[in-house]
2 protein chains.
Amino acid sequence: MPPIREMLADAGITEQQWRVLRVLAEYGPQSSSTLASRASLLFPSLTRIAQTMQNKGLITLSRDADDRRRQMICITSSGQKIIDDKANQALEIVADVKHRLGKDNYEALLDILALLDPDNPEGN
Amino acid sequence: MPPIREMLADAGITEQQWRVLRVLAEYGPQSSSTLASRASLLFPSLTRIAQTMQNKGLITLSRDADDRRRQMICITSSGQKIIDDKANQALEIVADVKHRLGKDNYEALLDILALLDPDNPEGN
DNA sequence: CAATATTATTTAACATGTGAATTAAATATT
DNA sequence: AATATTTAATTCACATGTTAAATAATATTG
């Protein structure tokens with residue numbers, strides 16, 4: 001999404017990093033695997049992205065006390081600030097797309113894409 | 001497309017390389033920029049992909065005599081063989097997707113996606 | 001409890017995406 | 001014709017996609 005990338009460029013993050021922040025803001029601290037799935041990222045990609053984002057101070061990483069294999073990930077206030085600063089612009093961009101397509105087309109698109117989703121229980 | 005990648009894996013090529021071969025087979029020899037556009041690849045990506053494919057013997061590269069800036073690209077018989085060997089399987093995979101969605105959904109999807117295409121003259 | 005199997009994550013290697021800077025050849029200007 | 005401009009490709013640097021192999025911690029078995 002060019003307009004999304006453009007919006008995020010001055011925050012210095014990518015679309016994928018934006019999705020990670022959004023998921024963390026919505027669901028709170030969570031394990032790498034959960035986060036990867038929710039942000040539609042492959043596990044190895046998330047590993048690298050998380051390290052990058054930790055270096056940028058956008059998230060913190062820690063091991064789960066009960067299961068030290070589990071990497072727990074948490075958003076920082078600096079990461080949350082990006083969400084707070086950009087959330088409205090992101091909503092506007094989505095609204096624009098919706099408007100360009102028209103409501104009916106937009107909803108039809110979401111329905112059809114859901115049919116193609118491999119995680120969907122439609123027996124694909 | 002996991003099923004497409006799986007099909008191409010034993011031919012030793014990627015989805016992008018497959019698209020390059022398909023475009024060359026359909027339109028014949030052409031310049032890098034034309035090929036990139038038709039194969040939905042960014043120019044810098046095509047540059048690298050073309051070098052890889054030349055090393056594999058799937059395509060040949062040469063300079064246009066009239067304009068030596070222009071990189072002309074041509075499929076080899078070895079490249080054409082991959083097309084010949086896999087074209088039917090590829091059609092089956094597409095037919096499967098079409099069948100999973102149903103004809104109406106499939107056509108609706110193509111129409112809606114065309115609306116989102118930045119190259120489309122719909123005044124987006 | 002020791003050996004084995006499973007699970008969560010990481011690392012590696014290669015390919016592509018992306019935007020900016022660079023090069024080289026052709027075209028336009030003066 | 002010499003300089004400036006434009007155009008076609010390439011190169012760079014960094015980020016992610018993708019698959020397979022490797023680690024490390026936990027759970028399971030004998």
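Per chain, numbering begins at 1; letters A, B, ... match sequence-line order.
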Visitor: Same cluster or not: A:M1 versus B:L42, using hydrophobic residues (I, L, V, M, F, W, Y) connected whenever any side-chain heavy atoms lie under 4.5 Å apart?
Guide: no

Visitor: Detail all sub-3.5 Å separations between protein N/O atoms and N/O atoms belonging to nucleotides 1-8 of chain C.
Guide:
residue, atom, partner, partner atom, Å
C:dT7, O2, A:R69, NH1, 2.7
C:dA8, OP1, A:R70, NH2, 3.4

Visitor: Do A:S37 and A:T34 pair up side chain to side chain, a donor and an acceptor below 3.5 Å, judged on atom types alone?
Guide: no

Visitor: Using heavy atoms to find the nearest nucleotide of DNA chain D for A:D66 and A:L42 separately, return the residue whose nucleotide is more 5′.
Guide: A:L42

Visitor: Residues in side-chain contact (heavy atoms from CB on, under 4.5 Å) with B:A50, at least two apart?
Guide: B:I59, B:L61, B:I73

Visitor: I need the residues from residues 45-65 of chain B with at least one non-hydrogen atom less than 4.0 Å from DNA chain C; give them sorted by number, or say none.
Guide: B:S45, B:R48, B:I49

Visitor: Any side-chain heavy atom of B:L35 within less than 4.5 Å of one from B:Y27?
Guide: no

Visitor: Identify whether B:V97 and B:M7 are in the same connected component of the hydrophobic contact network (ILVMFWY, side-chain heavy atoms under 4.5 Å).
Guide: yes

Visitor: With hydrophobic residues grouped by side-chain heavy-atom distances under 4.5 Å, do B:F43 and B:V20 end up in a single group?
Guide: no

Visitor: Taking salt bridge (Lys or Arg N to Asp or Glu O under 4.0 Å) as the cut-off, I'd like each qualifying pair that reaches into residues 66-75 of chain A, sequence neighbours left out, listed once.
Guide: A:D67-A:R69, A:D67-A:R70

Visitor: Taking the side chain as every heavy atom from C-beta outward, state whether B:R38 and B:E26 have any atom pair closer than 4.5 Å.
Guide: no

Visitor: Show your reasoning for whether side-chain contact (heavy atoms from CB on, under 4.5 Å) applies to B:K86 and B:D10.
Guide: CA-CA 10 Å; B:K86 302 291 183 183; B:D10 73 90; 3.1 Å; yes

Visitor: For DNA chain D, find the residues of residues 13-27 of chain B with a heavy-atom distance under 4.0 Å and give them by number; none if there aren't any.
Guide: none

Visitor: Is any NZ, NE, NH1 or NH2 atom of the basic residue among B:D96 and B:R100 found under 4.0 Å from an Asp or Glu carboxylate oxygen of the other?
Guide: no

Visitor: Any donor-acceptor pair under 3.5 Å linking the side-chain atoms of B:Q80 with those of B:D84?
Guide: yes

Visitor: Could you give the distance from NZ (B:K98) to CG (B:L109), rounded to the nearest 0.5 Å?
Guide: 12.0 Å

Visitor: If you find the nucleotide of DNA chain C closest to B:S40 and the one closest to A:M72, which residue's nucleotide is nearer the 5' end?
Guide: A:M72

Visitor: A side-chain contact here means heavy atoms from C-beta on lying under 4.5 Å apart; do B:Q54 and B:T60 qualify?
Guide: no

Visitor: Students should find this one: the first and last nucleotides of DNA chain D, 5' to 3', lying under 4.0 Å from a heavy atom of chain A. What are they?
Guide: D:dA15 to D:dT26

